[in-house]
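Remarks on the structure that follows.
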Protein chains: 2
Amino acid sequence: MLKRERQAFILKQINLHNRVLSSDLSTEMQVSEDTIRRDLMELSNTDKLIKVHGGALSKSFHSSFLREDIYQLDAKKQIATKALNLIKDGMFVLTSGGTTIIELARILPPELKATFFTGSIPAAYEYAKHPNIEVIFIGDKISKGSQITVGGEAIMKINSIKPDLCMLGVNAIDITTGVTDNDWDVVQVKKAMVEAASKTAVLTITEKMNTCQKLKICEITQVDYLITEMDHEHDLFKAYANAGIEIL
Amino acid sequence: MLKRERQAFILKQINLHNRVLSSDLSTEMQVSEDTIRRDLMELSNTDKLIKVHGGALSKSFHSSFLREDIYQLDAKKQIATKALNLIKDGMFVLTSGGTTIIELARILPPELKATFFTGSIPAAYEYAKHPNIEVIFIGDKISKGSQITVGGEAIMKINSIKPDLCMLGVNAIDITTGVTDNDWDVVQVKKAMVEAASKTAVLTITEKMNTCQKLKICEITQVDYLITEMDHEHDLFKAYANAGIEIL
DNA sequence: CATTTTTTTGCATTTTTTTGCTTGTTTATG
DNA sequence: CATAAACAAGCAAAAAAATGCAAAAAAATG
(Lines give C-alpha, C1' and ligand atoms only; values in the text may rest on other atoms or scores of the structure.)
Protein backbone atom coordinates (compact mmCIF):
# COMPACT_ATOMS: atom_id res chain seq x y z
CA MET A 1 0.00 0.00 0.00
CA LEU A 2 1.34 3.39 -1.00
CA LYS A 3 1.83 6.14 1.51
CA ARG A 4 -0.67 8.45 -0.11
CA GLU A 5 -3.18 5.68 -0.38
CA ARG A 6 -2.83 5.07 3.32
CA GLN A 7 -3.34 8.71 4.14
CA ALA A 8 -6.39 8.89 1.91
CA PHE A 9 -7.75 5.82 3.66
CA ILE A 10 -7.18 7.42 7.05
CA LEU A 11 -9.02 10.56 6.00
CA LYS A 12 -11.89 8.49 4.72
CA GLN A 13 -12.12 6.62 7.99
CA ILE A 14 -12.08 9.92 9.84
CA ASN A 15 -14.89 11.31 7.73
CA LEU A 16 -16.87 8.19 8.29
CA HIS A 17 -16.38 7.63 12.01
CA ASN A 18 -15.16 11.02 13.19
CA ARG A 19 -12.23 9.34 14.92
CA VAL A 20 -9.60 6.67 14.43
CA LEU A 21 -7.25 4.70 16.65
CA SER A 22 -3.63 4.28 15.66
CA SER A 23 -3.74 0.66 16.74
CA ASP A 24 -6.78 -0.11 14.55
CA LEU A 25 -5.25 1.56 11.53
CA SER A 26 -2.04 -0.33 12.15
CA THR A 27 -3.71 -3.73 11.98
CA GLU A 28 -6.13 -2.76 9.22
CA MET A 29 -3.35 -1.64 6.91
CA GLN A 30 -0.63 -3.99 8.11
CA VAL A 31 1.98 -1.37 8.92
CA SER A 32 3.66 -0.47 12.17
CA GLU A 33 2.10 2.04 14.54
CA ASP A 34 5.09 4.29 14.01
CA THR A 35 4.17 4.61 10.37
CA ILE A 36 0.59 5.42 11.31
CA ARG A 37 1.80 8.00 13.79
CA ARG A 38 3.96 9.62 11.11
CA ASP A 39 1.01 9.67 8.73
CA LEU A 40 -1.24 11.22 11.34
CA MET A 41 1.47 13.75 12.10
CA GLU A 42 1.70 14.79 8.45
CA LEU A 43 -2.05 15.01 8.05
CA SER A 44 -2.26 17.02 11.21
CA ASN A 45 0.44 19.41 10.01
CA THR A 46 -1.61 20.12 6.91
CA ASP A 47 -4.74 20.59 9.02
CA LYS A 48 -6.52 17.58 7.65
CA LEU A 49 -7.31 16.16 11.06
CA ILE A 50 -6.64 16.65 14.75
CA LYS A 51 -4.01 14.43 16.32
CA VAL A 52 -4.74 13.19 19.81
CA HIS A 53 -3.15 10.69 22.13
CA GLY A 54 -3.92 7.26 20.70
CA GLY A 55 -5.30 8.31 17.36
CA ALA A 56 -6.94 11.28 15.65
CA LEU A 57 -10.22 13.14 15.41
CA SER A 58 -12.08 14.68 12.52
CA LYS A 59 -11.59 18.41 12.17
CA SER A 60 -15.24 18.99 11.39
CA PHE A 61 -16.21 17.03 14.44
CA HIS A 62 -14.39 19.44 16.68
CA SER A 63 -14.44 22.83 14.98
CA SER A 64 -17.38 21.98 12.85
CA PHE A 65 -20.04 23.88 11.00
CA LEU A 66 -21.50 21.21 8.84
CA ARG A 67 -21.95 17.73 10.09
CA GLU A 68 -22.31 18.37 13.78
CA ASP A 69 -25.68 19.96 13.40
CA ILE A 70 -27.16 17.29 11.20
CA TYR A 71 -30.24 16.13 12.99
CA GLN A 72 -30.11 12.48 14.03
CA LEU A 73 -26.89 11.79 12.18
CA ASP A 74 -26.46 8.35 13.70
CA ALA A 75 -29.90 7.26 12.57
CA LYS A 76 -29.15 8.54 9.09
CA LYS A 77 -25.89 6.61 8.98
CA GLN A 78 -27.75 3.45 9.88
CA ILE A 79 -30.27 4.11 7.14
CA ALA A 80 -27.47 4.68 4.66
CA THR A 81 -25.82 1.40 5.63
CA LYS A 82 -29.05 -0.50 5.02
CA ALA A 83 -29.66 1.30 1.75
CA LEU A 84 -26.29 0.10 0.46
CA ASN A 85 -27.74 -3.39 0.08
CA LEU A 86 -29.99 -2.24 -2.73
CA ILE A 87 -27.14 -0.98 -4.87
CA LYS A 88 -25.37 -3.47 -7.08
CA ASP A 89 -22.56 -3.22 -9.59
CA GLY A 90 -23.59 -1.79 -12.93
CA MET A 91 -26.79 -0.17 -11.69
CA PHE A 92 -28.17 3.17 -12.80
CA VAL A 93 -29.29 4.96 -9.68
CA LEU A 94 -31.23 8.20 -9.49
CA THR A 95 -31.04 10.00 -6.16
CA SER A 96 -32.56 13.08 -4.60
CA GLY A 97 -30.68 15.26 -2.14
CA GLY A 98 -31.00 15.53 1.62
CA THR A 99 -28.70 14.66 4.47
CA THR A 100 -29.60 10.96 4.48
CA ILE A 101 -28.67 10.60 0.82
CA ILE A 102 -25.38 12.40 1.50
CA GLU A 103 -24.54 9.89 4.19
CA LEU A 104 -25.23 7.14 1.71
CA ALA A 105 -22.96 8.81 -0.83
CA ARG A 106 -20.18 8.93 1.75
CA ILE A 107 -20.15 5.24 2.52
CA LEU A 108 -20.40 3.83 -0.99
CA PRO A 109 -17.70 1.14 -1.10
CA PRO A 110 -14.76 2.04 -3.34
CA GLU A 111 -15.10 -1.10 -5.47
CA LEU A 112 -18.68 -0.26 -6.44
CA LYS A 113 -19.05 0.50 -10.14
CA ALA A 114 -22.30 2.24 -10.95
CA THR A 115 -23.82 5.30 -12.59
CA PHE A 116 -25.49 7.89 -10.40
CA PHE A 117 -27.87 10.59 -11.60
CA THR A 118 -28.64 13.46 -9.27
CA GLY A 119 -29.66 17.09 -9.18
CA SER A 120 -28.26 17.64 -5.70
CA ILE A 121 -25.03 19.60 -5.43
CA PRO A 122 -23.76 18.09 -2.18
CA ALA A 123 -24.66 14.59 -3.33
CA ALA A 124 -22.90 15.06 -6.67
CA TYR A 125 -19.93 16.42 -4.78
CA GLU A 126 -19.68 13.22 -2.77
CA TYR A 127 -20.29 10.94 -5.72
CA ALA A 128 -17.56 12.73 -7.68
CA LYS A 129 -15.03 11.81 -5.02
CA HIS A 130 -15.73 8.15 -5.59
CA PRO A 131 -13.20 6.39 -7.82
CA ASN A 132 -15.51 4.14 -9.82
CA ILE A 133 -18.81 5.95 -10.01
CA GLU A 134 -19.96 7.83 -13.08
CA VAL A 135 -21.86 10.93 -12.09
CA ILE A 136 -24.43 12.59 -14.31
CA PHE A 137 -25.67 15.88 -13.00
CA ILE A 138 -29.20 16.90 -13.87
CA GLY A 139 -28.90 20.60 -14.56
CA ASP A 140 -31.34 23.51 -14.24
CA LYS A 141 -32.09 26.26 -11.77
CA ILE A 142 -30.83 25.57 -8.28
CA SER A 143 -33.34 25.84 -5.48
CA LYS A 144 -31.66 27.76 -2.68
CA GLY A 145 -33.30 25.98 0.22
CA SER A 146 -32.58 22.45 -0.82
CA GLN A 147 -29.47 22.77 -3.02
CA ILE A 148 -31.04 20.71 -5.76
CA THR A 149 -31.98 21.58 -9.31
CA VAL A 150 -35.63 22.23 -10.07
CA GLY A 151 -37.56 23.22 -13.18
CA GLY A 152 -38.72 22.00 -16.55
CA GLU A 153 -35.31 21.21 -17.97
CA ALA A 154 -34.49 18.99 -15.04
CA ILE A 155 -37.84 17.22 -15.24
CA MET A 156 -37.48 16.64 -18.97
CA LYS A 157 -34.04 15.21 -18.41
CA ILE A 158 -35.33 12.88 -15.73
CA ASN A 159 -38.15 11.76 -18.02
CA SER A 160 -35.60 10.81 -20.63
CA ILE A 161 -33.79 8.26 -18.46
CA LYS A 162 -34.84 4.90 -17.08
CA PRO A 163 -32.79 4.17 -13.94
CA ASP A 164 -32.98 0.87 -12.08
CA LEU A 165 -33.52 2.48 -8.74
CA CYS A 166 -34.60 5.80 -7.31
CA MET A 167 -33.33 6.67 -3.84
CA LEU A 168 -35.56 9.27 -2.30
CA GLY A 169 -34.87 11.06 0.95
CA VAL A 170 -38.32 12.18 2.05
CA ASN A 171 -39.82 14.54 4.59
CA ALA A 172 -43.11 12.80 5.19
CA ILE A 173 -44.64 9.43 4.45
CA ASP A 174 -48.02 8.12 5.48
CA ILE A 175 -49.87 4.95 4.64
CA THR A 176 -52.95 6.72 3.31
CA THR A 177 -51.61 10.01 1.91
CA GLY A 178 -48.42 8.51 0.52
CA VAL A 179 -45.18 10.46 0.17
CA THR A 180 -45.55 14.23 0.60
CA ASP A 181 -43.40 17.35 0.76
CA ASN A 182 -43.91 21.09 1.00
CA ASP A 183 -41.83 22.77 -1.73
CA TRP A 184 -43.71 22.90 -5.00
CA ASP A 185 -40.64 22.90 -7.27
CA VAL A 186 -38.96 20.09 -5.39
CA VAL A 187 -42.12 18.00 -5.44
CA GLN A 188 -42.31 18.26 -9.22
CA VAL A 189 -38.80 16.91 -9.55
CA LYS A 190 -39.31 14.09 -7.07
CA LYS A 191 -42.53 13.12 -8.82
CA ALA A 192 -40.63 12.80 -12.07
CA MET A 193 -37.95 10.73 -10.34
CA VAL A 194 -40.42 8.19 -8.99
CA GLU A 195 -42.12 7.96 -12.38
CA ALA A 196 -38.85 7.42 -14.21
CA ALA A 197 -37.32 4.72 -12.04
CA SER A 198 -38.09 1.01 -12.19
CA LYS A 199 -38.01 0.75 -8.41
CA THR A 200 -38.29 3.39 -5.72
CA ALA A 201 -36.67 3.29 -2.30
CA VAL A 202 -37.75 5.77 0.37
CA LEU A 203 -35.22 6.73 3.04
CA THR A 204 -36.47 8.42 6.17
CA ILE A 205 -36.01 8.58 9.92
CA THR A 206 -38.95 7.02 11.76
CA GLU A 207 -39.81 10.38 13.24
CA LYS A 208 -41.08 11.46 9.83
CA MET A 209 -43.21 8.37 9.37
CA ASN A 210 -46.95 8.68 9.55
CA THR A 211 -46.78 12.41 8.97
CA CYS A 212 -47.91 14.27 5.92
CA GLN A 213 -47.42 17.60 4.23
CA LYS A 214 -49.29 19.67 1.67
CA LEU A 215 -48.03 18.39 -1.66
CA LYS A 216 -48.11 14.83 -2.86
CA ILE A 217 -45.11 13.19 -4.52
CA CYS A 218 -46.56 9.72 -5.00
CA GLU A 219 -48.91 7.08 -3.63
CA ILE A 220 -47.66 4.57 -1.14
CA THR A 221 -48.19 1.87 -3.80
CA GLN A 222 -45.42 3.34 -5.89
CA VAL A 223 -42.88 2.78 -3.12
CA ASP A 224 -40.98 -0.50 -3.33
CA TYR A 225 -38.60 -0.21 -0.37
CA LEU A 226 -38.81 1.64 2.91
CA ILE A 227 -35.58 2.19 4.78
CA THR A 228 -35.43 3.57 8.32
CA GLU A 229 -33.10 3.27 11.28
CA MET A 230 -35.41 0.88 13.16
CA ASP A 231 -35.58 -2.88 13.01
CA HIS A 232 -37.66 -3.99 10.06
CA GLU A 233 -39.90 -6.15 12.23
CA HIS A 234 -41.13 -3.29 14.37
CA ASP A 235 -44.92 -2.92 14.61
CA LEU A 236 -44.70 0.52 13.05
CA PHE A 237 -44.09 -1.10 9.65
CA LYS A 238 -46.97 -3.63 9.69
CA ALA A 239 -49.29 -1.57 7.56
CA TYR A 240 -46.52 -0.69 5.10
CA ALA A 241 -45.44 -4.32 4.76
CA ASN A 242 -49.04 -5.29 4.13
CA ALA A 243 -49.17 -2.71 1.37
CA GLY A 244 -46.46 -4.69 -0.36
CA ILE A 245 -43.49 -2.55 0.60
CA GLU A 246 -40.26 -4.27 1.51
CA ILE A 247 -38.96 -2.93 4.82
CA LEU A 248 -35.18 -2.82 5.31
CA MET B 1 6.52 -2.20 -26.71
CA LEU B 2 6.20 1.36 -27.89
CA LYS B 3 6.29 4.31 -25.58
CA ARG B 4 2.75 5.40 -26.40
CA GLU B 5 1.48 1.88 -25.99
CA ARG B 6 3.07 1.74 -22.59
CA GLN B 7 1.55 5.00 -21.46
CA ALA B 8 -1.87 3.97 -22.72
CA PHE B 9 -1.50 0.74 -20.79
CA ILE B 10 -0.56 2.63 -17.65
CA LEU B 11 -3.59 4.88 -17.94
CA LYS B 12 -5.79 1.87 -18.45
CA GLN B 13 -4.43 0.25 -15.33
CA ILE B 14 -4.99 3.48 -13.42
CA ASN B 15 -8.58 3.69 -14.55
CA LEU B 16 -9.06 0.08 -13.63
CA HIS B 17 -7.38 -0.09 -10.24
CA ASN B 18 -7.02 3.57 -9.26
CA ARG B 19 -3.38 3.02 -8.57
CA VAL B 20 -0.27 1.45 -10.01
CA LEU B 21 3.11 0.47 -8.64
CA SER B 22 6.23 1.26 -10.63
CA SER B 23 7.63 -2.14 -9.80
CA ASP B 24 4.54 -3.98 -11.08
CA LEU B 25 4.48 -2.03 -14.31
CA SER B 26 8.16 -2.69 -14.77
CA THR B 27 7.75 -6.46 -14.64
CA GLU B 28 4.44 -6.48 -16.53
CA MET B 29 5.88 -4.57 -19.46
CA GLN B 30 9.45 -5.82 -19.25
CA VAL B 31 11.13 -2.44 -19.12
CA SER B 32 13.30 -0.88 -16.45
CA GLU B 33 11.76 1.04 -13.59
CA ASP B 34 13.54 4.13 -14.84
CA THR B 35 11.50 4.02 -17.99
CA ILE B 36 8.31 3.58 -16.00
CA ARG B 37 9.27 6.52 -13.84
CA ARG B 38 9.84 8.66 -16.90
CA ASP B 39 6.47 7.63 -18.28
CA LEU B 40 4.72 8.41 -15.03
CA MET B 41 6.49 11.76 -14.93
CA GLU B 42 5.23 12.67 -18.38
CA LEU B 43 1.69 11.56 -17.62
CA SER B 44 1.79 13.51 -14.41
CA ASN B 45 2.95 16.65 -16.21
CA THR B 46 -0.08 16.50 -18.45
CA ASP B 47 -2.37 15.92 -15.46
CA LYS B 48 -3.34 12.43 -16.49
CA LEU B 49 -2.49 10.96 -13.12
CA ILE B 50 -0.84 11.82 -9.84
CA LYS B 51 2.68 10.65 -9.26
CA VAL B 52 3.51 9.46 -5.79
CA HIS B 53 6.46 7.74 -4.22
CA GLY B 54 6.37 4.15 -5.46
CA GLY B 55 3.87 4.55 -8.26
CA ALA B 56 0.91 6.70 -9.21
CA LEU B 57 -2.73 7.29 -8.30
CA SER B 58 -5.80 8.10 -10.32
CA LYS B 59 -6.74 11.76 -10.40
CA SER B 60 -10.27 11.12 -9.21
CA PHE B 61 -9.05 9.00 -6.37
CA HIS B 62 -6.78 11.70 -5.17
CA SER B 63 -8.75 14.86 -5.82
CA SER B 64 -10.58 14.68 -2.54
CA PHE B 65 -7.35 14.39 -0.68
CA LEU B 66 -5.55 17.44 -2.01
CA ARG B 67 -8.58 19.68 -1.63
CA GLU B 68 -7.62 22.12 1.06
CA ASP B 69 -4.13 23.15 0.12
CA ILE B 70 -4.78 25.60 -2.65
CA TYR B 71 -1.71 26.76 -4.49
CA GLN B 72 -1.04 30.51 -4.27
CA LEU B 73 -4.26 31.23 -2.46
CA ASP B 74 -3.37 34.84 -1.72
CA ALA B 75 -2.76 35.62 -5.36
CA LYS B 76 -6.05 34.02 -6.26
CA LYS B 77 -7.89 36.10 -3.69
CA GLN B 78 -6.40 39.24 -5.22
CA ILE B 79 -7.48 38.13 -8.66
CA ALA B 80 -10.98 37.47 -7.38
CA THR B 81 -11.17 40.95 -5.86
CA LYS B 82 -10.23 42.56 -9.14
CA ALA B 83 -12.63 40.37 -11.07
CA LEU B 84 -15.50 41.61 -8.93
CA ASN B 85 -15.35 44.95 -10.74
CA LEU B 86 -16.61 43.37 -13.92
CA ILE B 87 -19.79 42.04 -12.37
CA LYS B 88 -22.77 44.40 -12.20
CA ASP B 89 -26.31 44.03 -10.95
CA GLY B 90 -28.61 42.20 -13.31
CA MET B 91 -25.84 40.54 -15.30
CA PHE B 92 -25.89 37.00 -16.66
CA VAL B 93 -22.50 35.50 -15.90
CA LEU B 94 -21.16 32.18 -17.14
CA THR B 95 -18.25 30.75 -15.16
CA SER B 96 -15.93 27.79 -15.40
CA GLY B 97 -14.57 25.98 -12.36
CA GLY B 98 -11.14 26.11 -10.77
CA THR B 99 -9.86 27.42 -7.50
CA THR B 100 -9.66 31.03 -8.64
CA ILE B 101 -13.32 31.05 -9.66
CA ILE B 102 -14.25 29.54 -6.29
CA GLU B 103 -12.48 32.40 -4.53
CA LEU B 104 -14.48 34.82 -6.63
CA ALA B 105 -17.70 33.03 -5.72
CA ARG B 106 -16.84 33.34 -2.07
CA ILE B 107 -16.41 37.10 -2.06
CA LEU B 108 -19.43 38.13 -4.12
CA PRO B 109 -21.04 40.97 -2.15
CA PRO B 110 -24.38 40.00 -0.58
CA GLU B 111 -26.25 42.87 -2.24
CA LEU B 112 -25.29 41.71 -5.72
CA LYS B 113 -28.27 40.52 -7.78
CA ALA B 114 -27.25 38.50 -10.78
CA THR B 115 -27.71 35.18 -12.54
CA PHE B 116 -24.81 32.75 -12.63
CA PHE B 117 -24.48 29.78 -14.98
CA THR B 118 -21.90 27.15 -14.21
CA GLY B 119 -21.05 23.49 -14.65
CA SER B 120 -18.72 23.41 -11.68
CA ILE B 121 -19.96 21.69 -8.54
CA PRO B 122 -17.87 23.62 -6.03
CA ALA B 123 -18.65 26.93 -7.76
CA ALA B 124 -22.38 26.19 -7.79
CA TYR B 125 -22.15 25.24 -4.15
CA GLU B 126 -20.71 28.67 -3.33
CA TYR B 127 -23.14 30.57 -5.54
CA ALA B 128 -26.06 28.74 -3.94
CA LYS B 129 -25.07 30.09 -0.54
CA HIS B 130 -25.48 33.63 -1.82
CA PRO B 131 -28.78 35.30 -0.91
CA ASN B 132 -29.52 37.18 -4.14
CA ILE B 133 -27.92 35.14 -6.88
CA GLU B 134 -29.86 32.86 -9.17
CA VAL B 135 -27.86 29.77 -10.01
CA ILE B 136 -28.40 27.72 -13.13
CA PHE B 137 -26.43 24.52 -13.20
CA ILE B 138 -25.38 23.18 -16.56
CA GLY B 139 -25.86 19.44 -16.23
CA ASP B 140 -24.18 16.46 -17.88
CA LYS B 141 -21.52 13.95 -17.02
CA ILE B 142 -19.15 15.09 -14.30
CA SER B 143 -15.46 14.96 -15.09
CA LYS B 144 -13.74 13.47 -12.07
CA GLY B 145 -10.52 15.40 -12.21
CA SER B 146 -11.98 18.86 -12.54
CA GLN B 147 -15.39 18.48 -10.90
CA ILE B 148 -17.15 20.16 -13.80
CA THR B 149 -19.71 18.86 -16.25
CA VAL B 150 -18.53 17.92 -19.71
CA GLY B 151 -20.20 16.48 -22.77
CA GLY B 152 -22.62 17.23 -25.56
CA GLU B 153 -25.60 18.07 -23.39
CA ALA B 154 -23.60 20.66 -21.48
CA ILE B 155 -22.22 22.19 -24.67
CA MET B 156 -25.69 22.37 -26.25
CA LYS B 157 -27.01 24.07 -23.16
CA ILE B 158 -24.19 26.60 -23.22
CA ASN B 159 -24.85 27.28 -26.89
CA SER B 160 -28.47 28.09 -26.08
CA ILE B 161 -27.65 30.96 -23.73
CA LYS B 162 -26.16 34.40 -24.31
CA PRO B 163 -24.51 35.58 -21.08
CA ASP B 164 -23.02 39.06 -20.73
CA LEU B 165 -19.75 37.78 -19.39
CA CYS B 166 -17.75 34.59 -19.28
CA MET B 167 -15.31 34.20 -16.39
CA LEU B 168 -12.69 31.65 -17.30
CA GLY B 169 -10.09 30.25 -14.92
CA VAL B 170 -7.35 29.06 -17.25
CA ASN B 171 -4.25 26.89 -17.06
CA ALA B 172 -2.18 28.50 -19.76
CA ILE B 173 -2.28 31.66 -21.82
CA ASP B 174 0.20 32.89 -24.38
CA ILE B 175 0.17 35.85 -26.74
CA THR B 176 0.66 33.76 -29.87
CA THR B 177 -0.96 30.41 -29.02
CA GLY B 178 -3.88 31.93 -27.11
CA VAL B 179 -5.66 30.14 -24.27
CA THR B 180 -4.84 26.44 -23.96
CA ASP B 181 -5.55 23.50 -21.68
CA ASN B 182 -4.85 19.78 -21.64
CA ASP B 183 -8.11 17.94 -21.00
CA TRP B 184 -10.05 17.35 -24.18
CA ASP B 185 -13.52 17.28 -22.64
CA VAL B 186 -12.92 20.36 -20.55
CA VAL B 187 -11.53 22.24 -23.54
CA GLN B 188 -14.71 21.56 -25.54
CA VAL B 189 -16.83 23.05 -22.78
CA LYS B 190 -14.62 26.10 -22.31
CA LYS B 191 -14.60 26.70 -26.05
CA ALA B 192 -18.39 26.75 -26.05
CA MET B 193 -18.36 29.16 -23.10
CA VAL B 194 -16.13 31.67 -24.86
CA GLU B 195 -18.25 31.43 -28.01
CA ALA B 196 -21.48 31.96 -26.14
CA ALA B 197 -20.57 34.97 -24.03
CA SER B 198 -20.56 38.59 -25.19
CA LYS B 199 -17.35 39.26 -23.31
CA THR B 200 -14.69 36.94 -21.96
CA ALA B 201 -12.53 37.52 -18.90
CA VAL B 202 -9.53 35.29 -18.26
CA LEU B 203 -8.40 34.77 -14.67
CA THR B 204 -4.95 33.36 -14.04
CA ILE B 205 -1.94 33.63 -11.78
CA THR B 206 1.03 35.19 -13.60
CA GLU B 207 2.95 31.95 -13.23
CA LYS B 208 0.69 30.46 -15.90
CA MET B 209 1.15 33.34 -18.29
CA ASN B 210 3.21 32.84 -21.41
CA THR B 211 2.88 29.10 -21.13
CA CYS B 212 0.93 26.84 -23.40
CA GLN B 213 -0.49 23.34 -23.41
CA LYS B 214 -1.68 20.89 -26.03
CA LEU B 215 -5.27 21.90 -26.75
CA LYS B 216 -6.54 25.31 -27.82
CA ILE B 217 -9.56 26.93 -26.20
CA CYS B 218 -9.50 30.24 -28.07
CA GLU B 219 -7.34 32.87 -29.73
CA ILE B 220 -5.96 35.73 -27.72
CA THR B 221 -8.20 38.07 -29.75
CA GLN B 222 -11.29 36.52 -28.19
CA VAL B 223 -10.19 37.54 -24.71
CA ASP B 224 -11.54 40.89 -23.52
CA TYR B 225 -10.15 41.08 -20.00
CA LEU B 226 -7.07 39.59 -18.40
CA ILE B 227 -7.01 39.43 -14.62
CA THR B 228 -3.92 38.47 -12.63
CA GLU B 229 -2.52 39.23 -9.20
CA MET B 230 0.08 41.70 -10.55
CA ASP B 231 -0.22 45.42 -11.17
CA HIS B 232 -1.82 46.04 -14.55
CA GLU B 233 1.02 48.30 -15.65
CA HIS B 234 3.69 45.63 -15.36
CA ASP B 235 5.79 45.06 -18.48
CA LEU B 236 4.57 41.48 -18.67
CA PHE B 237 1.23 42.76 -19.98
CA LYS B 238 2.50 45.10 -22.69
CA ALA B 239 1.94 42.68 -25.54
CA TYR B 240 -1.48 41.69 -24.25
CA ALA B 241 -2.57 45.31 -23.89
CA ASN B 242 -1.39 45.99 -27.43
CA ALA B 243 -3.55 43.12 -28.60
CA GLY B 244 -6.53 45.06 -27.30
CA ILE B 245 -7.03 43.21 -24.02
CA GLU B 246 -7.96 45.22 -20.97
CA ILE B 247 -5.65 44.33 -18.08
CA LEU B 248 -7.11 44.49 -14.58
C1' DC C 1 20.97 5.44 -49.18
C1' DA C 2 24.28 7.33 -45.96
C1' DT C 3 24.79 10.26 -42.26
C1' DT C 4 23.44 13.39 -38.93
C1' DT C 5 20.27 14.44 -35.29
C1' DT C 6 16.99 13.33 -31.97
C1' DT C 7 14.62 10.25 -29.02
C1' DT C 8 14.44 6.50 -26.17
C1' DT C 9 16.21 3.34 -23.01
C1' DG C 10 19.11 0.98 -19.58
C1' DC C 11 22.79 1.19 -16.28
C1' DA C 12 25.80 2.88 -12.47
C1' DT C 13 26.07 6.11 -8.84
C1' DT C 14 24.45 9.15 -5.49
C1' DT C 15 20.65 11.05 -2.87
C1' DT C 16 16.27 10.97 -0.81
C1' DT C 17 12.28 8.75 1.14
C1' DT C 18 10.13 5.40 3.65
C1' DT C 19 9.78 2.25 7.22
C1' DG C 20 10.50 -0.70 11.29
C1' DC C 21 13.07 -1.11 15.37
C1' DT C 22 15.25 0.27 19.73
C1' DT C 23 15.69 3.18 23.67
C1' DG C 24 14.19 6.34 26.79
C1' DT C 25 10.32 9.56 28.00
C1' DT C 26 5.61 11.05 28.53
C1' DT C 27 0.75 10.34 29.20
C1' DA C 28 -3.54 8.23 30.70
C1' DT C 29 -5.90 5.72 34.10
C1' DG C 30 -7.23 2.71 37.81
C1' DC D 1 1.75 6.10 42.37
C1' DA D 2 2.14 2.21 39.50
C1' DT D 3 1.64 0.32 35.13
C1' DA D 4 0.64 -0.15 30.48
C1' DA D 5 0.02 2.25 26.42
C1' DA D 6 1.50 5.87 23.47
C1' DC D 7 5.05 8.79 21.97
C1' DA D 8 9.60 10.98 20.40
C1' DA D 9 14.14 10.65 18.64
C1' DG D 10 17.63 8.45 16.46
C1' DC D 11 19.36 4.75 13.62
C1' DA D 12 19.75 1.48 9.88
C1' DA D 13 18.06 -1.17 6.00
C1' DA D 14 15.50 -1.17 1.98
C1' DA D 15 13.08 0.95 -1.63
C1' DA D 16 12.54 4.57 -4.77
C1' DA D 17 14.10 8.62 -7.13
C1' DA D 18 17.40 11.73 -9.33
C1' DT D 19 21.45 12.34 -12.09
C1' DG D 20 24.73 11.68 -15.58
C1' DC D 21 26.15 8.94 -19.28
C1' DA D 22 26.34 5.89 -23.20
C1' DA D 23 24.36 2.66 -26.40
C1' DA D 24 20.64 1.63 -29.37
C1' DA D 25 16.77 2.88 -32.06
C1' DA D 26 14.13 5.98 -34.73
C1' DA D 27 13.57 10.02 -37.40
C1' DA D 28 15.10 13.60 -40.27
C1' DT D 29 18.00 15.38 -43.78
C1' DG D 30 20.55 16.02 -47.93
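The shown structure was predicted, so the numbers you read here are calculated from the model rather than taken from an experiment. Chain letters run A, B, ... following the sequence lines, proteins first and then strands; every chain starts at 1.
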Task: Contacts of type side-chain contact (heavy atoms from CB on, under 4.5 Å), residue Met230(B), not counting sequence neighbours - done: Thr206(B), Thr228(B), His234(B), Leu236(B), Phe237(B)
Task: Watson-Crick and G-U pairing of DNA chain D, under 3.5 Å, as dot-bracket with | and [ ] - done: ||||||||||||||||||||||||||||||
Task: side-chain hydrogen bond (donor to acceptor under 3.5 Å, both in side chains) contacts touching residues 111-121 of chain A (sequence neighbours left out) - done: Thr95(A)-Thr118(A)
Open item on the list: So if I define the base as every atom that isn't primed, P, OP1 or OP2, how would nucleotides 23-30 of chain C read as a B/S/- string at a heavy-atom cutoff under 4.0 Å?
Closed with: ----S---
- [ ] Report yes if at least one side-chain N or O of Arg6(A) is closer than 4.0 Å to OP1 or OP2 of dT19(C); otherwise report no.
- [x] yes
Open item on the list: So if I take residues 22-36 of chain B and measure heavy-atom distances to DNA chain C, which residues fall below 4.0 Å?
Closed with: Val31(B), Ser32(B), Asp34(B), Thr35(B)
TODO: Return the set of residues passing side-chain contact (heavy atoms from CB on, under 4.5 Å) with Lys141(B) (not counting sequence neighbours), or none when no residue passes.
DONE: Glu134(A), Ile136(A)
- [ ] Quick one: list whatever passes salt bridge (charged side-chain N to carboxylate O under 4.0 Å, His left out) with Arg37(B), sequence neighbours left out.
- [x] Glu33(B)
Task: Whole-Å distance separating the CG atom of Asp39(A) from the P atom of dT17(C) - done: 16 Å
Task: Lys199(B), NZ atom: more than 12 neighbouring heavy atoms under 6.0 Å - done: no
Task: Atom NZ of Lys12(B): over 12 foreign heavy atoms under 6.0 Å - done: no
- [ ] Tell me, please, which residues at least two apart from Glu219(B) pass salt bridge (charged side-chain N to carboxylate O under 4.0 Å, His left out).
- [x] Lys216(B)
- [ ] Could you tell me the separation between the CZ atom of Arg38(A) and the P atom of dA6(D), rounded to a whole number of Å?
- [x] 16 Å
TODO: Check whether any side-chain N or O of Lys3(A) sits under 4.0 Å from OP1 or OP2 of dA16(D), and answer yes or no.
DONE: no
Open item on the list: Please compare Leu2(B) and Lys51(B) by the position of their nearest nucleotide in DNA chain D and report the one closer to 5'.
Closed with: Lys51(B)
Open item on the list: If the condition is side-chain contact (heavy atoms from CB on, under 4.5 Å), which residues does Thr81(B) pass it with, not counting sequence neighbours?
Closed with: Ile107(B)
TODO: Please state how far atom CE in Met1(B) lies from atom P in dT9(C), giving the value in whole angstrom units.
DONE: 11 Å
Task: Those residues that, when tested against Glu153(B), pass salt bridge (charged side-chain N to carboxylate O under 4.0 Å, His left out) (two or more places apart) - done: Lys157(A)
Task: Under the salt bridge (charged side-chain N to carboxylate O under 4.0 Å, His left out) test, residues paired with Glu42(A) that sit two or more places apart - done: Lys3(A)
Task: side-chain contact (heavy atoms from CB on, under 4.5 Å) involving Thr27(B) - partner list, sequence neighbours excluded - done: none
Open item on the list: With a cut-off of less than 4.0 Å, is there a side-chain N or O of Arg37(B) near OP1 or OP2 of dT9(C)?
Closed with: no
